[in-house]
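First comes the structure, then the notes that go with it.
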Amino acid sequence: MSRRLSLLAPLLLTGCGYHVAGTANALPPSIHSIAIPAFANVTTQYKVSDLLAAAITREFISRTNYHINADPDHADAILTGAVVNFITYPTIFDPSTGRATGVQAVVTLQIALRERASGKVLFNRPNMEVRERYEISIDPKTYFDESEAAMQRLSRDVSRSVVSAVLENF
């Protein structure tokens, strides 16, 4: 019996290479700090770039042990981003008034993570497109602009996706 166990032990101790999602780290071991400066914005939607940079910063802080700051001179890697397009269009209309009651927002981003010392690109998404739907109240008395809440949800979803992609090297 002990001979069988001794033959089986090496097989049990070797792994297949799989891991639980969100636990891998594909970044080089030399990276200890990441700078996330303000994102550029070439659209007329003024808050979305601030929301995205802040959400990605919070996500890195909550999910990793990297030191996160805004100064590229004091980091091993720099995550840069830009909002390059922002479009909204109605998706649902009220049949009685003809007014839009549902809106789709589409945001196009450019995100890259570079090692500061060598300039090597560690992660790159040159054309990342994200979408978020929100509703518009048709009653002027109870009108509530949900576009800001939608942009916060979009930022949260983007931050989760970006941090996972950076860590998993997808």
Side-chain angles (χ1 to χ4, degrees), residues 18-27 31 33-72 75 77-114 121-170:
Y18 289 102
H19 57 272
V20 176
T23 61
N25 188 352
L27 293 179
I31 305 294
S33 60
I34 300 173
I36 305 176
F39 280 19
N41 187 356
V42 298
T43 71
T44 58
Q45 188 71 21
Y46 68 97
K47 280 188 176 182
V48 71
S49 59
D50 297 338
L51 290 171
L52 286 164
I56 292 172
T57 298
R58 278 192 305 276
E59 191 71 15
F60 264 110
I61 289 169
S62 69
R63 288 182 50 189
T64 70
N65 291 324
Y66 294 110
H67 177 71
I68 307 298
N69 64 55
D71 185 4
I78 304 163
L79 182 84
T80 56
V83 179
V84 295
N85 200 6
F86 184 92
I87 307 168
T88 58
Y89 56 89
T91 56
I92 302 171
F93 294 90
D94 179 27
S96 61
T97 64
R99 292 182 58 198
T101 59
V103 175
Q104 175 84 28
V106 182
V107 180
T108 306
L109 308 166
Q110 294 176 342
I111 297 178
L113 179 68
R114 288 183 173 76
V121 176
L122 304 172
F123 172 80
N124 190 24
R125 285 280 154 57
N127 196 24
M128 182 178 186
E129 186 176 281
V130 290
R131 299 169 181 266
E132 184 67 37
R133 288 188 180 163
Y134 61 94
E135 295 182 12
I136 300 172
S137 173
I138 56 172
D139 182 8
K141 295 177 192 166
T142 61
Y143 178 77
F144 174 74
D145 182 15
E146 209 214 83
S147 62
E148 188 169 337
M151 291 306 101
Q152 289 174 350
R153 287 192 307 270
L154 180 133
S155 297
R156 185 182 61 237
D157 293 346
V158 166
S159 69
R160 290 176 182 159
S161 175
V162 166
V163 172
S164 292
V166 165
L167 296 177
E168 300 283 338
N169 198 17
F170 285 122

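Start at 1 with the first residue, then count along the sequence.
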Legend entry - Short side-chain to backbone donor-acceptor contact, S159 and R156, under 3.5 Å: yes
Inset, instruction - Using atom types as modelled and distance alone, determine if a side-chain donor or acceptor of S164 lies under 3.5 Å from a backbone N or O of S161. - result: no
Roughly how far, to the nearest 0.5 Å, is the [atom2] atom of [Y] from the [atom1] atom of [X]?
X    : Y    : atom1 : atom2 : answer
Y134 : T91  : OH    : OG1   : 9.5 Å
T57  : N69  : OG1   : CG    : 9.5 Å
E132 : S155 : CD    : OG    : 9.5 Å
S33  : I78  : OG    : CD1   : 9.5 Å
L122 : I31  : CG    : CD1   : 5.5 Å
R125 : T108 : CZ    : OG1   : 14.0 Å

Taking every non-hydrogen atom, the tightest pair across [X] and [Y]:
X    : Y    : answer
A35  : A75  : N-CB, 3.4 Å
A82  : F39  : N-CD2, 4.2 Å
A53  : P37  : CB-O, 4.2 Å
R63  : R160 : NH1-O, 3.5 Å
R131 : V106 : NH1-CG2, 3.5 Å
D94  : S96  : OD2-OG, 3.0 Å

Inset, instruction - Evaluate the criterion side-chain contact (heavy atoms from CB on, under 4.5 Å) for residue pair F60 and H67; output intermediate values, then yes/no. - result: CA-CA 9 Å; F60 264 110; H67 177 71; over 6 Å; no
Inset, instruction - Determine, step by step, whether Q152 and L51 satisfy the side-chain contact (heavy atoms from CB on, under 4.5 Å) criterion, reporting the C-alpha distance in whole Å, the side-chain angles of both residues, the deciding distance to 0.1 Å, and the verdict. - result: CA-CA 7 Å; Q152 289 174 350; L51 290 171; 4.2 Å; yes
Legend entry - All salt bridge (Lys or Arg N to Asp or Glu O under 4.0 Å) counterparts of R114, not counting sequence neighbours: none
Inset, instruction - Evaluate side-chain contact (heavy atoms from CB on, under 4.5 Å) for T80 paired with I111, printing each intermediate quantity in order. - result: CA-CA 6 Å; T80 56; I111 297 178; over 6 Å; no
Would you say [X] and [Y] make side-chain contact, with heavy atoms under 4.5 Å?
X    : Y    : value
Y66  : L167 : yes
L52  : L109 : yes
E168 : F123 : no
M128 : V158 : yes

Inset, instruction - Keeping to residues at least two apart or across chains, list the side-chain hydrogen bond (donor to acceptor under 3.5 Å, both in side chains) pairs with something in residues 41-56. - result: N41-T43
Inset, instruction - Apply the test side-chain contact (heavy atoms from CB on, under 4.5 Å) to residues V121 and L113: give CA-CA distance (whole Å), side-chain angles for both, the deciding distance (0.1 Å), then the verdict. - result: CA-CA 6 Å; V121 176; L113 179 68; over 6 Å; no
